[in-house]
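In what follows, a single structure is set out as structure tokens and then discussed.
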Amino acid sequence: MKRIVSILIILVLFFPSAAVAANKPSSNKMQIFLDDKELIFQNAPLVYEGNTMVPFRSLFEALGVSVIYDGPSKTIRAQKGNTTVNLTLGQNVAFVDNTAVKLSVSPLVVKGNTYVPLRFVSQSFDYSITLQGKQIFLASPSMVNTPSSILSPPQSSSSTVSQDLTAEQIGEFSDRVVYIEALNSNGEAYASGSGVIVGSDGEIITNFHVIEGSSSVRIYFSSSDSVVTSFVTIYDKERDLALLKVGKAGLPKVSIGDSSKLKLGEAVVAIGSPLGFTNSLSSGVVSTPLRMVDGSRFIQMTAPIDHGSSGGALFNMRGELVGVTTALIESSANLNLAIPSEDIKAFLSKPRNSQLLTSIVSPVGSVVSTGPITNSITPQQLESYMDENYSVMDYKGLTLHFDWFVMLSNDGKTYSIGGTMKDSREWSEWASYQINDHFTMPGMVYFILNELAKDLNLKNTFMGLYLNTYFSFYPTAFPPSSITVEGRGYRLYYGFVYGSIEEDEGRFYYNTQPENSNALESIPIY
């Protein structure tokens with residue numbers, strides 16, 4: 001008797017650390033085209049942590065962007081039309097106009113040359129980007145919607161290039177497939193699966209059974225880059241699909257194809273993490289384009305998959321996602337199943353609304369509640385979320401550590417979030433930047449509040465940052481009201497910045513002198 005097996009791996013012996021090597025900058029040997037014309041760089045583009053990095057001046061000149069580099073602050077200011085982009089070396093937060101954006105990789109210097117992430121920069125200025133194997137095609141805004149625009153290499157009249165890619169070229173899309181660990185309430189991994197990046201703003205699709213029953217999940221983009229989330233954005237238990245959202249921007253995403261056009265015998269490639277071996281590729285053919293199993297539609301294919309492949313990608317030979325690998329049928333006939341991309345498109349068209357993973361106790365076929373997030377997240381759960389995602393922050397190469405606490409107003413509508421620093425030297429180094437850039441510390445508050453609004457739908461949120469530390473001498477530089485005697489020394493509890501985003505007014509209000517209520521300032525938000 002056949003037995004259908006959901007291919008979620010239960011972790012016993014396999015861990016990502018045993019299968020993933022650390023990323024280092026390496027030449028990607030890629031060709032980059034802009035509106036069908038190949039760009040020539042004096043210094044070759046690099047691949048770093050799965051991201052294509054290019055020399056910043058060469059790229060900006062090609063895009064017609066004016067650029068200024070400020071040496072002391074190590075900041076790149078790029079402007080074209082009404083768009084301004086600010087990037088800082090070593091900082092994973094950039095600004096597009098006045099909006100903070102978290103980068104998947106920071107600008108970096110390699111052998112004296114400054115490199116910036118190609119995808120983030122090009123998309124910030126409305127250029128489209130398409131990857132075909134080791135060739136990247138950029139199209140200017142004026143070319144994107146032009147029917148005659150061809151996003152492919154220039155061809156001579158005597159040659160024809162097939163649209164199909166090799167399996168090796170399909171392998172270049174492995175940076176769009178992630179490894180997922182399901183974590184229990186103690187933060188311990190007990191099962192694993194795969195996921196596919198479907199949104200450059202951090203949207204990842206996987207199977208529902210990968211995340212079902214977990215308190216949180218850890219998503220690995222590389223061995224050194226992972227994110228933990230306790231929330232699901234959309235889920236459908238009956239169709240076995242779930243959408244996660246993490247705080248990353250500029251991620252490489254898949255192009256979703258049309259599974260209804262698959263033919264019997266057509267070649268396909270699967271990429272996932274069978275048995276915990278991340279980014280494993282297997283190839284096969286479509287056995288049946290549409291197979292009904294237990295009342296649901298599947299693609300049946302011979303591309304081998306195994307436990308841990310749940311939520312992985314099934315590509316056609318044009319590099320398009322045509323399915324999400326889901327299950328295998330235990331037999332000697334190599335029968336493997338994937339959810340068709342037509343079902344995936346319908347699933348992704350549903351409204352987004354974050355919900356705690358621990359709150360999923362719904363019957364088959366139910367979808368996420370449309371109620372406000374403030375009704376489904378407690379201060380303790382939000383505090384845990386802050387600790388998971390914002391306990392360590394980076395600012396221009398400085399590593400900043402925070403302990404978080406959360407309180408909820410009596411009416412249940414407003415969260416007050418506090419972040420506490422305990423290392424006075426760490427705070428002092430950060431404060432030195434504030435002297436030259438008045439928005440240094442408020443910018444961190446704005447960035448976090450903006451992410452919480454987008455990722456968790458938290459609209460009424462107040463945030464303050466504090467320094468809580470002990471001195472053996474009296475800290476005269478701080479307000480007396482923030483100092484108390486403790487033993488033979490002094491305890492400093494100093495609030496150095498607070499802020500809130502008022503969407504109704506379209507402004508971000510902040511104060512870097514909390515002891516002075518008249519020092520309140522604001523900037524417009526967009």
Side-chain angles (χ1 to χ4, degrees), residues 4-9 176-182 191-199 201-214 216-217 219 229-246 251 253-260 262 268 270-273 289-301 305 307-315 320-328 336-370 455:
I4 301 173
V5 181
S6 295
I7 44 179
L8 171 71
I9 181 172
R176 293 148 174 79
V177 184
V178 299
Y179 176 78
I180 298 177
E181 286 182 337
S192 74
S194 305
V196 184
I197 302 173
V198 292
D201 59 348
E203 289 193 333
I204 297 166
I205 196 169
T206 186
N207 285 139
F208 176 81
H209 72 261
V210 171
I211 58 106
E212 185 177 17
S214 65
S216 58
V217 295
I219 300 166
T229 182
S230 302
F231 296 83
V232 60
T233 303
I234 316 172
Y235 74 90
D236 186 334
K237 184 174 182 179
E238 183 177 19
R239 198 62 196 101
D240 197 17
L241 289 172
L243 185 69
L244 307 171
K245 175 71 181 294
V246 297
L251 293 175
K253 67 174 183 177
V254 295
S255 173
I256 302 179
D258 187 350
S259 57
S260 68
L262 288 174
V268 287
I271 299 179
S273 301
L290 181 59
R291 173 75 66 190
M292 298 299 296
V293 179
D294 295 335
S296 295
R297 304 190 306 173
F298 292 95
I299 301 166
Q300 181 186 324
M301 77 287 185
I305 56 178
H307 300 279
S309 296
S310 290
L314 183 68
F315 293 103
E320 298 170 328
L321 183 78
V322 291
V324 168
T325 54
T326 300
L328 57 88
N336 307 297
L337 304 175
I339 298 173
S341 62
E342 293 308 288
D343 289 12
I344 295 168
K345 291 176 183 178
F347 173 76
L348 293 176
S349 68
K350 296 182 178 181
R352 272 84 167 140
N353 193 54
S354 293
Q355 181 172 336
L356 282 164
L357 288 167
T358 52
S359 68
I360 299 176
V361 290
S362 52
V364 171
S366 67
V367 295
V368 67
S369 167
T370 58
D455 296 345

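These numbers were taken from a predicted model, which means no experiment stands behind them.
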Subject >> Nearest-0.5 Å distance that lies between atom CG in D343 and atom CZ in R239 >> reply: 4.5 Å

Subject >> Heavy-atom donor-acceptor pair, T233 side chain to R352 backbone, under 3.5 Å >> reply: no

**OP:** Search all heavy atoms of S273 against all heavy atoms of S194 and return the closest pair with its distance.
**Re:** N-OG, 3.0 Å

Subject >> Test log, rule side chain to side chain contact (heavy atoms under 4.5 Å, CB included), inputs I204 and L251 >> reply: CA-CA 10 Å; I204 297 166; L251 293 175; 5.5 Å; no

**OP:** Could you grab the distance from atom CG of L262 to atom CE of M301, nearest 0.5 Å is fine?
**Re:** 11.0 Å

Subject >> Main-chain N/O of K253 paired to R176 side chain as donor or acceptor, under 3.5 Å >> reply: yes

Original post:
Which pair of heavy atoms, one from A182 and one from S214, lies closest together, and at what distance?
Top reply: CB-CB, 4.0 Å

Subject >> Atom pair CG (L356) and OG1 (T229), whose distance is rounded to the nearest 0.5 Å >> reply: 9.0 Å

Subject >> Separation of R297 CZ from M292 CE (nearest 0.5 Å) >> reply: 7.5 Å

Original post:
Side-chain contact, heavy-atom cut-off 4.5 Å: L337 with Q300?
Top reply: yes

Subject >> Closest contact, heavy atoms only, L357 versus I211 >> reply: CD2-CD1, 3.6 Å

Subject >> Straight-line distance of F298 CZ to S259 OG, nearest 0.5 Å >> reply: 12.5 Å

**OP:** Return the set of residues passing side-chain hydrogen bond (donor to acceptor under 3.5 Å, both in side chains) with T206 (not counting sequence neighbours), or none when no residue passes.
**Re:** none

Original post:
Between the main-chain N or O of G257 and the side-chain N or O of S341, is there a donor-acceptor pair closer than 3.5 Å?
Top reply: yes

Subject >> F347: which of I339, V324, V198, L241 passes side chain to side chain contact (heavy atoms under 4.5 Å, CB included) >> reply: L241

**OP:** Give the minimum heavy-atom separation between D236 and K350, together with the two atoms involved.
**Re:** OD2-NZ, 3.0 Å

Original post:
Between atom CG of L243 and atom CD of E203, what is the distance when rounded to the nearest 0.5 Å?
Top reply: 4.5 Å

Subject >> All side-chain contact (heavy atoms from CB on, under 4.5 Å) counterparts of D455, not counting sequence neighbours >> reply: K245, Y385, E451

Subject >> Side-chain touch F208/V232, heavy atoms, less than 4.5 angstrom >> reply: no

**OP:** May I ask you to test the I344-V196 pair for a side-chain heavy-atom distance under 4.5 Å?
**Re:** no

Subject >> Side chain S310, main chain N207, donor-acceptor under 3.5 Å >> reply: no

Original post:
Does T325 use its side chain to pair, donor to acceptor, with the backbone of L314 at less than 3.5 Å?
Top reply: no

